[in-house]
Trainee: 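Below you'll find the structure I mean.
Reckoned from all heavy atoms, side chains included, excluding hydrogens, waters and symmetry mates. Every chain is numbered from 1, with letters handed out A, B, ... down the list of sequences. Bear in mind that the values here come from a model prediction, so they are computed numbers and not experimental data.
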2 protein chains.
Amino acid sequence: MVGQLAADSIERRSGVSLWRQIADKILHAIAIGDFAENAALPPEVALAERYGVNRHTVRSAIAALVQEGVLRAEQGRGTFVLSRKRLSYPIGARTRFSAGLQGQASERHIVLLASSVEPASQRVAEGLGLARGTNVIRLETRGEADGRPVSRAAGWFEARRFAGIDAAMAQTGSITASLARFGIDDYLRQSTMLSARHADAADLADLDLQPGAIVLVTVAVNVTPDGQPIQFSESRFPAERVELKLSAL
Amino acid sequence: MVGQLAADSIERRSGVSLWRQIADKILHAIAIGDFAENAALPPEVALAERYGVNRHTVRSAIAALVQEGVLRAEQGRGTFVLSRKRLSYPIGARTRFSAGLQGQASERHIVLLASSVEPASQRVAEGLGLARGTNVIRLETRGEADGRPVSRAAGWFEARRFAGIDAAMAQTGSITASLARFGIDDYLRQSTMLSARHADAADLADLDLQPGAIVLVTVAVNVTPDGQPIQFSESRFPAERVELKLSAL
DNA sequence: TATAGTTGTCTATATCAATAGACAAATTTA
DNA sequence: TAAATTTGTCTATTGATATAGACAACTATA
């Protein structure tokens, strides 16, 4: 069976180019499983007709997705899907990166990109229940599954209580393991705020995205089982590679 | 205090025009509360300098937001913020439209846009635990808060069990009240999948959005307290007006 | 009432995005 | 092998996007 592509129209003079809109549609179709891995896309002329655009416009969209590593074009044969559908990242009471992606990716880990000590901003202080300006440690991390970046996060911890968590993080590649060194053997997700926006320049670089991509943004507070805030975090997930599965929390 | 606007750079030849990217940034800044209601935006020349673009490009962005009802420009005085920050829509075990927005909007209701009976598609059948092709009632609805569209949803119910729910919905303007007529006095959110994408033509029209806008998409199943699926739904929320608050479920 | 600061309008130019058509190059199929 | 199908490349044209500069119109303030 040939994959389905939504026939609904695309918007002209919207500030988003037609090729970008078409690329998004193809990504979406792949993400929801309309095209299996290695499946052939409809030929360029068919796509052009379906969307009511010129063949060259479709070619621009395909070129972007080839560049992005999603498609592979072969002269004379066709254009084929490389990447599989989106990962499903569970968010619940016990949100854990590696455990959550178990079964969906054979290799998963968190890379520590940078760390620093800084005075808590308004929202970080509020989230952690600290006075504004209290020193906090910020960990900048990237989550990877089978070598693909699937999340980019900043996490804040009270500096006094968690001195050295940056080194622990670099060593273990796991938040859970790092917190264990500070006597925290369990922690719960207290709250999660969720929004979405276009990826900014930093997101594009860190997550290996193409301009115009969308990121899901979660802002969360983790607490000990008795309700003491230990971590405030903001995570970005590329919407084209990840969807969030909200489970019991 | 002058509001903060992220200084991070914007992407050229990304398929998303510069004016659209700048408009998104301003929207984001307003949404996270960097500009209060009626606050003045920095002057056009300052914005142009901050983003490294021409003043006319900034003007295009502002023009789009004025058109959208977010900003108001006054010659000789400045450009001012009209709309408030995003609504926070709670998603949890008992996700209810009206109750969830209580305190954030004085008036909230659901409008029934259309309804139909159709054979269940693959995913609807799976969600409701029915055989594919079983007749289901589809309700197309729009959620409004203080007159602004904040959600657009399609809900599916087994046609046999819920015959007449469309009329009930049109009459009551509430899913909860409509289900009560069928003897369901309580229901729970069983699962929620969350993703994000660009708004399509239908979203733009139904939610009164400008092209290029982003929508958050939830796909959920509601069940009776004893676990019987009663409703499968797909909802779209405009990311510029709504963020999702994930609470205990 | 000047003056400075701000948005609004106009002209001009360069680049990107999209359309149009033709044909080459590679692959598959009859 | 020949024909059909598909992606790749080229030229040309049009409209949208972005830059640049100048000045008008309006507002607030010294």
Trainee: Take atom CD of A:E49 and atom C1' of C:dA18, then tell me their distance rounded to the nearest Å.
Mentor: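 So the two atoms are 18 Å apart, to the nearest Å.
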
Trainee: Could you tell me whether the phosphate oxygens of C:dT19, OP1 or OP2, come under 4.0 Å of any side-chain nitrogen or oxygen in A:T57?
Mentor: yes

Trainee: Check the distance between D:dT14's P and A:N54's CG and give it to me in whole angstrom.
Mentor: 15 Å

Trainee: Run the side chain to side chain contact (heavy atoms under 4.5 Å, CB included) test on A:I214 and B:H198 for me, step by step, so that the C-alpha distance in whole Å, both residues' side-chain angles and the decisive distance to 0.1 Å come before the verdict.
Mentor: CA-CA 8 Å; A:I214 294 174; B:H198 282 122; 3.9 Å; yes

Trainee: Rounded to the nearest Å, what distance is computed from the CD1 atom of residue B:I22 to the P atom of nucleotide D:dT19?
Mentor: 8 Å

Trainee: Under 4.0 Å between a Lys/Arg side-chain N and an Asp/Glu carboxylate O for B:R142 and B:E144?
Mentor: yes

Trainee: Grab the CG-P distance between A:L47 and C:dT19 for me, whole Å please.
Mentor: 14 Å

Trainee: Tell me: CZ of A:R20 to P of C:dA17, nearest whole Å?
Mentor: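 One finds 11 Å between P of C:dA17 and CZ of A:R20, rounded.
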
Trainee: Apply salt bridge (charged side-chain N to carboxylate O under 4.0 Å, His left out) to the pair B:E44 and B:R59, showing each step before the final yes or no.
Mentor: CA-CA 7 Å; B:E44 294 168 350; B:R59 282 181 60 74; 2.9 Å; yes

Trainee: Does a sphere of radius 6.0 Å around CD in B:E118 hold more than 12 heavy atoms from other residues, nucleotides or ligands, not counting ones at 6.0 Å or beyond?
Mentor: yes

Trainee: Does one side chain, of B:W156 or B:E234, offer a donor that lies under 3.5 Å from an acceptor on the other?
Mentor: no

Trainee: Can any side-chain N or O of B:R72 pair as donor or acceptor with the backbone N or O of B:V81 at less than 3.5 Å?
Mentor: no

Trainee: In this structure, how many angstroms lie between the P atom of C:dA17 and the CD atom of A:Q21, rounded?
Mentor: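 In whole Å, C:dA17 P and A:Q21 CD are 13 Å from each other.
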
Trainee: Using a 4.0 Å cut-off on protein heavy atoms (strictly under), produce a 5'-to-3' string for nucleotides 3-14 of chain C with B for base contact, S for backbone-only sugar-phosphate contact, and - for none.
Mentor: --BBBBBB----

